[in-house]
Amino acid sequence: MARRAGLPLLLSCLWPLLGGAAGRCPGPAERLGWSLPLVAQDYLEILSHWYCRFGKCCKTGDCRIVNNITGLELDLSQRLHGQHLAEKVILRAVQGFLETPQPEKALALSFQGWSGTGKSFVARMIADHLYRDGLKSECVQVFISLFHFPHPKYVDMYKDQLKKQISETVQLCKQSLFIFDDVEKLHSGLLGAIEPYVDRYSSINEVDYRRSIFLFLSNIGGNTINQVALDFWRAGRAREEMTMEYLEQQLHTELLESTVGGFAENLIDFFVPFLPLEYHHVKLCVRDAFLARSLPYTEDMLEEMVKMMVFVPKEEQLFSAQGCKSVSHRIHYVLP
């Protein structure tokens, strides 16, 4: 058995030297270029995966987790437009949490704002930079309220399923990421089911959830955020002058009056406001959509795309009603 136990170690140690990516365990089709019988390949894959699970081949202690904070910072600064508050809060919150040896509780962030302002975009960005396989990682679970929990009469069944999935994911991956979209549409009973995993418990049924990350995405607070941004503009002040302190109290009040008030009051660590997007922000989103597809573009094409969008309020025509949503689907309208 000693020879078998040493095989994953040999693979893990030799793989970077043989041209494989450092900090990554080879798959059966990649290993050393030789052909093995299927049974032997499966056996090697199981052993290699098992070995990496115990943290012997990756800096993070788990091959599935990369925690690339530098990459996250770069992406937030270059690809997230018009969200100076969200960029700052998210980076500090995530980095601080990951650098804490023994956190008191799981990290809980509440992303709030209009549709299309970047909430889901940033959630995906966090997954991409914290996990090798991004949203496809077995360490990441995404729940969309009306899709995964559509019928209120089945809430008890949903609660059992949700608890089971959270528990199994954390047992499989200590640093798990859970993303809940459209939280304002989530049944209060399901919020109650989530609560123990986000609270300050050292363990639940001998499972420690304090290294998990929970992201809650909602439109709650969107009208308040938009009104503050509009008031800033009308006063001739740059939106970059807006601070969390300026927004926090008004946002906090609206949250407490919402369906998630009690949950938010007790368990959310950081409220992250996403501001409404202006004309030049949407134009940057359009440019990014062309670049993502490696398509050539001109300034006229970008302008034409942005003019397809609806802007509000009616008088000022200042904010994109859909943010950057649907931008990538409109490209073919301006292509020659």
Side-chain angles (χ1 to χ4, degrees), residues 106-128 130-131 133-173 176-199 204-205 207 209 212-226 251 254-269 271-274 310 321-329:
L107 177 64
L109 304 180
S110 177
F111 293 180
Q112 298 156 238
W114 260 6
S115 176
T117 52
K119 301 186 299 293
S120 297
F121 182 60
V122 172
R124 183 168 63 250
M125 201 181 286
I126 291 172
D128 286 341
L130 266 54
Y131 302 92
D133 299 324
L135 290 176
K136 294 181 180 179
S137 173
E138 60 187 351
C139 301
V140 179
Q141 298 290 340
V142 180
F143 303 97
I144 303 170
S145 296
L146 294 183
F147 179 78
H148 290 97
F149 317 110
H151 304 295
K153 64 180 178 179
Y154 297 131
V155 67
D156 289 335
M157 180 185 72
Y158 295 150
K159 283 165 63 175
D160 292 338
Q161 291 175 343
L162 182 57
K163 287 189 221 178
K164 185 172 183 288
Q165 194 154 4
I166 292 175
S167 177
E168 288 179 350
T169 303
V170 174
Q171 290 180 66
L172 185 67
C173 186
S176 293
L177 173 65
F178 300 98
I179 302 170
F180 291 85
D181 202 357
D182 291 334
V183 174
E184 71 276 12
K185 299 169 185 173
L186 199 63
H187 192 281
S188 59
L190 292 172
L191 282 172
I194 299 167
E195 188 168 335
Y197 305 108
V198 190
D199 213 337
I204 302 171
N205 296 325
V207 180
Y209 296 88
S212 303
I213 300 173
F214 288 78
L215 306 181
F216 300 98
L217 285 54
S218 76
N219 295 331
I220 297 172
N223 291 336
T224 296
I225 295 168
N226 295 349
L251 198 55
E254 185 170 342
L255 264 171
L256 291 183
E257 294 172 352
S258 72
T259 55
V260 301
F263 181 88
E265 172 76 3
N266 298 317
L267 299 170
I268 298 298
D269 299 299
F271 299 101
V272 185
F274 282 74
V310 176
Q322 291 181 295
C324 284
K325 189 166 283 189
S326 81
V327 159
S328 61
H329 301 300

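As the structure is a computational prediction, the values presented were derived from the model and not from experiment.
- Side chain of Asp199 to backbone of Glu195: no donor-acceptor contact under 3.5 angstrom is found.
- Ser218 approaches Glu184 most closely through the heavy-atom pair CB-OE1, 3.0 Å.
- Atoms CG and CG, from Leu177 and Leu107 in turn, are 9.5 Å apart once rounded to the nearest 0.5 Å.
- Shown here are the side-chain hydrogen bond (donor to acceptor under 3.5 Å, both in side chains) partners of Thr224, two or more places apart in sequence or in another chain: Glu254.
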(message) Walk me through whether Val140 and Asp133 qualify under side chain to side chain contact (heavy atoms under 4.5 Å, CB included).
(response) CA-CA 9 Å; Val140 179; Asp133 299 324; over 6 Å; no
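- In the model, Gln165 has no side-chain atom that pairs as donor or acceptor with a side-chain atom of Thr169 under 3.5 Å.
- Every residue was checked against the side-chain hydrogen bond (donor to acceptor under 3.5 Å, both in side chains) condition with Ser137, not counting sequence neighbours, and none meets it.
- Using a distance-only test at 3.5 Å, with no hydrogens or angles considered, no donor-acceptor pair links the side chain of Lys119 to the main chain of Phe274.
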(message) Under the criterion side chain to side chain contact (heavy atoms under 4.5 Å, CB included), I'd like the reasoning laid out for Leu267 against Ile194: C-alpha separation, chi angles, the key distance, then a yes or no.
(response) CA-CA 10 Å; Leu267 299 170; Ile194 299 167; over 6 Å; no
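- For the residue pair Lys159 and Ala193, the shortest heavy atom distance occurs at CG-CB, 4.0 Å.
- Taking all atoms of both residues into account, the shortest heavy-atom contact from Cys139 to Tyr131 is CB-CE2, 3.5 Å.
- For the side-chain hydrogen bond (donor to acceptor under 3.5 Å, both in side chains) test, no residue two or more places apart in sequence or in another chain qualifies with Ser212.
- Taking CZ from Phe214 and CG from Leu109, the interatomic distance works out to 11.5 Å, rounded to the nearest 0.5 Å.
- Separation of atoms CZ (Phe271) and CZ (Phe216) is listed at 11.0 Å; rounding is to 0.5 Å.
- To the nearest 0.5 Å, atom CE of residue Met157 and atom CG of residue Leu162 are 12.0 Å apart.
- Here the closest non-hydrogen pair linking Ser326 and Gln322 is OG-OE1, 3.9 Å.
- Taking the side-chain hydrogen bond (donor to acceptor under 3.5 Å, both in side chains) definition, one finds that Lys164 meets it with Glu168, sequence neighbours left out.
- Side chain of Ser145 to backbone of Asp182: a donor-acceptor contact under 3.5 angstrom is found.
- Val142 has its side chain out of reach of Phe180: every pair of non-hydrogen atoms, C-beta onward, lies at least 4.5 Å apart.
- In this structure, Phe143 and His148 have perpendicular ring planes: the angle between them is above 60°, well past the 30° mark.
- Minimum interatomic distance between Ala108 and Val198 (heavy atoms only, all atoms of both residues): CB-CG1, 3.5 Å.
- Panel note: side chain Tyr158, backbone His151; a donor-acceptor pair is recorded below 3.5 Å.
- For the atom pair CD of Gln161 and CG of Leu190, the computed distance is 10.0 Å after rounding to the nearest 0.5 Å.
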Quick one: side chains of residues 120-128, donor-acceptor pairs under 3.5 Å with protein atoms, not counting sequence neighbours, listed by atom name and distance.
none

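- Applying the salt bridge (charged side-chain N to carboxylate O under 4.0 Å, His left out) rule to Asp181 yields no partners; only residues at least two apart in sequence or on another chain are considered.
- Note that the OG atom of Ser167 and the OH atom of Tyr197 stand 6.0 Å from one another [nearest 0.5 Å].
- Smallest separation of non-hydrogen atoms from Lys325 and Ser115: NZ-OG, 2.8 Å.
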